Enquirer: 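Quick one: the structure is below, questions incoming.
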Amino acid sequence: MIDTLKKDWFSNVRGDLLAGLVVALALIPEAIAFSIIAGVDPKVGLYASFCIAVTIAFTGGRPGMISAATAAMALLMVTLVKEHGLEYLLAATVLTGVLQIIAGFIKLGGLMRFVSRSVVTGFVNALAILIFLAQVPELQNVTWHVYAMTAAGLGIIYLLPLVPLVGKMLPSPLVCILALTALSIAIGLDIRTVGDMGQLPDTLPIFLWPDVPLNLETLIIVFPYAIALALVGLLESMMTATIIDDLTDTSSDKNRECKGQGFANIGAGLMGGMAGCAMIGQSVINVKSGGRGRLSTFIAGLFLIIMVVFLDEWIGQIPMAALVAVMIMVSIGTFSWDSLRNLKKSPLSSNIVMTSTVVVVVVTHNLALGVFVGVLLAAMFFANKIGRYMAVKVDSGEHGQTDGQLEGQIEGERTYKVVGQVFFASSEQFVQSFDFKEVLERVTIDVSDAHFWDITAVAALDKVVLKFRREGAEVNLIGMNEASATIVDTFGVHDKPEKVEQMLNTH
Amino acid sequence: MINVVSCIDGSPGAFAVCDAGAWASQRMATPLQLLHVLDKSESPARTDLSGSLGVDSREHLLDELVELDAKRNKLALEHGKLMLEAAKNRAAEKGAQDITTLQRHSSLLESILELQDDTRLLIMGRLGESHAGQAMAVGSQLESVIRAVHKPILITLDQFAAPSNFMIAFDGRSVTQNVLDTLIASPLLQGLPCHLVAVNNTSLDRGPELQAAADKLTGARFAVSCTVLQGEVQAELQAYQQEHGIDLMVMGAYGHSRIRRLFLGSNTTDMVSASTIPLIIVR
């Protein structure tokens, strides 16, 4: 136990410290920007980022992943803040944490496997688009100075890393912010600054129970938001964890991460912060900067609050243009450009899933809804594909063209042989494969090479049998036991290769 | 397939582990398996503090990290293969018959636990690569291995020569009964003179228990000499060992609770770090 503790925290002290600092510097503009998206004072986002990062460093299941206030969550709380105010947001944040802890205990982390890759890509693309769109208001109805500043900021961010030696030592977003702030103070530009957007923190966060009446009415207001926040928070956290797993070639404990996110959000809500989750962009920056252990997340949170509390006057001077430049970078970095290039190569169904996820999110500003639509579509496409893996063979006669010739047929008798997967998506086609118009005395339906996956399939078979009976035929069912073995929910052959093989061989 | 498993690394003591493996595999007529684990380094090879995210930086970062790991691990793999080859030759020289080599990715402890069911005796050097040159240290992995593994472990020092006698550190606990059973069942030390030594540091009389143990060993055709010493456990055992020219010590492992061990250490760890002869630890 002490060994894992040591490994998680202190196996990479130098790298974690440096990366933590870089991340903290990048977190400050983001936390401010996301507060603005949510419609609250910048201090709410900054407190949240501090609390979440520090808590998740201890409670999270993925060392090296950065969690803080995020765009995905901020977008979900806009209407709650607008209609009910900050205190209800804090209450929703605490409730979100509770829901996430419950999700961790009932092991919902495993449900991530139902979210297909196309949905994940759609999610990050939609997120990137939303982050970008959130910057647009800052660029409307402003003087040309703001455009010039933003362009200069982007120039610094993207060109500085190309400079040899210095480029890889200095965080370019920080240089961008410092340079633009210095410039705007020096020439006394009258453009919007962070200080204009609301209150900045001047003290450490303090423990405060959200000032809302504890009654059913509050719950009814807060609960729908909390559910969406909990869902989106877990989704983005699980996705980010998978990305970090891949990058570092290590594994993470997804259910512990769920609980960790919960504790972090409860902490944030009670300290005057908004709900947050894991951040894809920041976590990638952390890994890129050499952060691997829990120490990096902890340092990021700690350094953020130190800087914010002591430099609050200076932070207030940062022009919004600099912030916009940083956020455009985050948006470009989050978007999966690869997915655009692969549009031609990927199958149409996965493109549709990806695009619908993006469209639904961009229209509704609700990532939970987008993921829901994406998962649903992906499941339908899959069911449709598997549904095609079903055929009914008939013996020679009018249907003689079919390949399943069965010999020894007597007049007035017919044998149908069903092969493949029968379930809700293929049951209609299953029923249509029988010819009820034919006058028969005996019908044999051989289902020993078929699999009935659900009640719909059984009902379809019952319907076929009944129909034949009504026409006056005697029906003989063969192999029903083998076929319906797959109906029980606990049906599982995945861990026994020979069983899977045996099952597939029957076709 | 049941093996004697020797853990090979780049430390100076690796040849002693080979020699011990060859000796044990011949005594027990069991194949020898030489294990080398490619431990994954946690610290990143290169850092980029630019903190910016460009187009597809996630994909690029992944490619970059994979590339770096691939280079590093290829070298480590080659290096490990050479080490195993050298170890195999050494063990063959020392007369081992049936030698297999095994390379695994993951941590040493994990690999050993995976192999545990097919292991008859585990052989490790007292010091790992990173501790070379420190006289009284215990390798960083050894303690956790001793704690987790339920098979007998032979711990070698820098050199290993086939022992001509051995002693059993007896304290009457059930672990020691286990030691006796294991010894009797194994041909490893059969036929070597056995010194059964108990140290009394309490008023408790260990005489009868010791006699019973001696009878048990004699019954299994060991030539046993019994001794009861007074005083501090570790110092007395060491003095006895030097006086009688003992080549190998057999003892039970970790009788204490985890918490007590955390604060006070245990006899076992002390014995392992202070010993000047190879030890066999039986759980």
Side-chain angles (χ1 to χ4, degrees), chain A residues 1-3 7-8 11-16 18-19 21-23 25-26 63 124 156-158 160-163 166-176 243 246-250 280-293 326 329-338 341, chain B residues 38-74 76 105-110 112-113 128 130 138-149 257-263 265-266 269:
Chain A
M1 189 188 72
I2 294 164
D3 287 348
K7 196 178 130 234
D8 279 1
S11 63
N12 178 33
V13 174
R14 189 179 158 274
D16 282 353
L18 278 174
L21 292 185
V22 173
V23 170
L25 292 170
V124 294
I156 294 175
I157 288 172
Y158 282 120
L160 188 72
L162 302 179
V163 178
V166 216
K168 300 250 188 268
M169 307 289 291
L170 289 173
S172 64
L174 173 72
V175 176
C176 155
I243 291 172
D246 290 347
L247 285 177
T248 58
D249 193 18
T250 49
I280 297 175
Q282 292 294 337
S283 302
V284 171
I285 291 180
N286 189 35
V287 172
K288 191 176 165 190
S289 313
R292 292 291 185 277
V326 174
M329 171 203 89
V330 172
S331 152
I332 292 176
T334 305
F335 198 87
S336 169
W337 301 92
D338 235 12
R341 279 194 290 276
Chain B
L38 295 164
D39 234 329
K40 202 197 210 55
S41 157
E42 283 293 316
S43 53
R46 192 195 60 93
T47 54
D48 174 351
L49 299 180
S50 65
S52 65
L53 287 171
V55 171
D56 279 341
S57 49
R58 219 176 324 135
E59 285 80 359
H60 291 155
L61 183 60
L62 182 59
D63 292 346
E64 222 171 87
L65 290 174
V66 167
E67 189 78 6
L68 282 170
D69 276 354
K71 268 186 206 153
R72 192 155 56 172
N73 287 339
K74 254 189 196 142
H105 290 282
S106 79
S107 77
L108 177 64
L109 183 58
E110 249 172 65
I112 289 176
L113 288 179
S130 48
V138 176
S140 51
Q141 314 234 40
L142 187 57
E143 201 179 336
S144 41
V145 170
I146 294 175
R147 210 174 288 167
V149 173
S257 74
R258 275 182 158 233
I259 296 178
R260 186 169 157 207
R261 208 158 54 229
L262 184 61
F263 293 108
S266 78
T269 315

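Order of the sequence lines sets the chain letters (A, B, ...), proteins ahead of strands, with each chain counted from 1. Values in this document were obtained by computation on a predicted structure and should not be read as measured data.
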Enquirer: State the CE-CD1 distance between A:M329 and A:I156, to the nearest 0.5 angstrom.
Expert: 13.0 Å
Enquirer: How long is the gap from CD on B:E67 to CG on B:L62, to the nearest 0.5 Å?
Expert: 11.0 Å
Enquirer: Relative to chain B, which segment of A:I243 carries a heavy atom at a distance below 4.5 Å: side chain, backbone, both, or neither?
Expert: side chain
Enquirer: Which atoms of A:V124 are under 4.5 Å from chain B, going by heavy atoms: the side chain, the backbone, both sets, or neither?
Expert: side chain
Enquirer: Is it the side chain or the backbone of A:V284 that comes within 4.5 Å of chain B heavy atoms, both, or neither?
Expert: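 Both parts, backbone and side chain.
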Enquirer: Contact part of A:M169 toward chain B, heavy-atom cut-off under 4.5 Å: side chain, backbone, both or neither?
Expert: backbone
Enquirer: Does the side chain of B:D69 pick up a donor-acceptor pair with the side chain of B:N73 at under 3.5 Å?
Expert: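 No, because no side-chain N or O of B:D69 sits under 3.5 Å from a partner of the opposite role on B:N73.
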Enquirer: Examine whether an atom of A:I157 lies under 4.5 Å from a heavy atom of chain B, and if so say whether it belongs to the side chain, the backbone or both; otherwise answer neither.
Expert: both
Enquirer: Quick check on A:I280 against chain B: is it the side chain, the backbone, both or neither that has a heavy atom closer than 4.5 Å?
Expert: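 Contact with chain B involves the side chain of A:I280 alone.
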Enquirer: To the closest 0.5 Å, what do you measure between OG (A:S289) and CG (A:L25)?
Expert: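 Here the interatomic distance stands at 10.0 Å.
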Enquirer: Side-chain contact test, heavy atoms from C-beta onward, threshold under 4.5 Å: evaluate it for A:F335 versus B:V55 and give yes or no.
Expert: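 The answer is no; the side chains never approach within 4.5 Å.
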